[in-house]
Chemist: 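The structure under discussion is supplied below as structure tokens; questions concerning it will follow.
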Amino acid sequence: MIQCEVYAARQSVPLLRPLVTARRLVDTAVSLHVRITSDNGRTGRGEAPAASPVTGDRLGDIESAVVDRLAPLLTGLGITAAGDPVRAGVDS
């Protein structure tokens, strides 16, 4: 069985040139970096940028979705030989 661990961290990176629109000036890109690691050393990484003026996605909402919703589902997740996910230690 493979045990999963979820790690999330905020990152703010200055842009080489500020992005200027009719409503605002953006000089940094803010995103949430996510790393999921299994006990056999396999790691997956992803990034979710917060672009609230464009998409409405706020960094706090993205972080909450990963930390409060996704992580509890994946932490302790087992993967069977057939590749079907099953919750470790939870009766269906």
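Every value quoted in this text rests on a predicted model; they were computed, and no experiment measured them.
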Chemist: Please name all residues satisfying side-chain hydrogen bond (donor to acceptor under 3.5 Å, both in side chains) with D57, sequence neighbours left out, ordered by chain then number.
Modeler: T55
Chemist: The criterion is salt bridge (charged side-chain N to carboxylate O under 4.0 Å, His left out); which residues satisfy it with R35, sequence neighbours excluded?
Modeler: none
Chemist: Under a 4.5 Å side-chain heavy-atom rule over Ile, Leu, Val, Met, Phe, Trp and Tyr, are L32 and V6 clustered together?
Modeler: yes
Chemist: With salt bridge (charged side-chain N to carboxylate O under 4.0 Å, His left out) as the rule and sequence neighbours excluded, what pairs involving residues 47-56 come up?
Modeler: none
Chemist: What heavy-atom pair brings P49 and S31 nearest, and what distance separates the two atoms?
Modeler: CA-CB, 3.6 Å
Chemist: Would you list the pairs meeting salt bridge (charged side-chain N to carboxylate O under 4.0 Å, His left out) in which at least one residue belongs to residues 19-31, sequence neighbours left out?
Modeler: none
Chemist: Mind checking who shares a hydrophobic cluster with V26, ILVMFWY linked at side-chain heavy-atom distances under 4.5 Å?
Modeler: L15, L19
Chemist: Which atoms form the tightest heavy-atom contact between V30 and S12, and what is the distance?
Modeler: CG2-OG, 4.0 Å
Chemist: Once salt bridge (charged side-chain N to carboxylate O under 4.0 Å, His left out) is applied, what residue pairs with a partner in residues 7-19 remain, sequence neighbours excluded?
Modeler: R10-E63
Chemist: Applying side-chain contact (heavy atoms from CB on, under 4.5 Å), name anything that partners A50, two or more places apart in sequence or on another chain.
Modeler: L59, I62
Chemist: Could you work out, with side-chain contact (heavy atoms from CB on, under 4.5 Å) as the rule, every residue matching L25, not counting sequence neighbours?
Modeler: P18, V20
Chemist: If the condition is side-chain hydrogen bond (donor to acceptor under 3.5 Å, both in side chains), which residues does T28 pass it with, not counting sequence neighbours?
Modeler: none
